[in-house]
Amino acid sequence: MGVLRAARPPGVIRLDCDTAVGRVYIEEFGRMHDGSSHLNYALYHDRYQRTSDGWKFSERVYEVRYLDSTPLTGSPPRNLAHKHTSTKWG
């Protein structure tokens, strides 16, 4: 894989004593070494179990809701060390 970007905003978790279920939304896009690319939106459906070492995954299901393999037309910037100038708020 050449480039992958994944974004995971906060999800939803429902607790029930020593077990819990959760749902996390994810957006991914990537460009592979062969030039192909993909964009997808998906969900993680999770189950958690409280143990003596803390919360652990007991199950994770990955459900793709949208998949687009149309080739990306852009390219990465030449200078990856681009500096961002912060904006003053106020």
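Because the structure is a prediction, the values reported are computed rather than measured.
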All side-chain hydrogen bond (donor to acceptor under 3.5 Å, both in side chains) counterparts of Thr70, not counting sequence neighbours: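 Testing Thr70 for side-chain hydrogen bond (donor to acceptor under 3.5 Å, both in side chains), a comparison that skips the adjacent residues, returns Asp68.
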
Apply side-chain hydrogen bond (donor to acceptor under 3.5 Å, both in side chains) to Ser36 and list each qualifying residue two or more places apart in sequence or on a separate chain.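 In terms of side-chain hydrogen bond (donor to acceptor under 3.5 Å, both in side chains), with neighbours along the sequence ignored, Ser36 is linked to Asp34.
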
Please list all pairs passing the salt bridge (Lys or Arg N to Asp or Glu O under 4.0 Å) test where one or both residues lie in residues 43-52, with sequence neighbours left out.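 Every pair satisfying salt bridge (Lys or Arg N to Asp or Glu O under 4.0 Å) with a residue in residues 43-52: Asp18-Arg50, Asp46-Arg60, Arg47-Glu59.
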
For [X], all residues meeting side chain to side chain contact (heavy atoms under 4.5 Å, CB included), sequence neighbours excluded:
X	answer
Tyr62	Ile26, Glu28, Asn40, Ala42, Tyr44, Val64
Asp16	Thr19
Arg65	Leu43, Glu63

So which residues get pulled into Phe57's cluster when ILVMFWY side chains under 4.5 Å apart are joined, directly or through others?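 Listed partners: Ile13, Leu15, Tyr48, Trp55.
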
Please determine whether residues Val24 and Val21 belong to a single hydrophobic cluster, defined as Ile, Leu, Val, Met, Phe, Trp and Tyr linked transitively by side-chain heavy-atom distances below 4.5 Å. no

All salt bridge (charged side-chain N to carboxylate O under 4.0 Å, His left out) counterparts of Asp53, not counting sequence neighbours: none

Tell me, do His38 and Arg31 make a side-chain contact under 4.5 Å, heavy atoms counted? no

Side chain to side chain, Tyr25 and Arg23, heavy atoms closer than 4.5 Å: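 SC-SC contact between Tyr25 and Arg23 confirmed.
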
Minimum heavy-atom distance Ser37-Pro71, with the two atoms named: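 Taking every non-hydrogen atom into account, OG-CA, 3.3 Å.
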
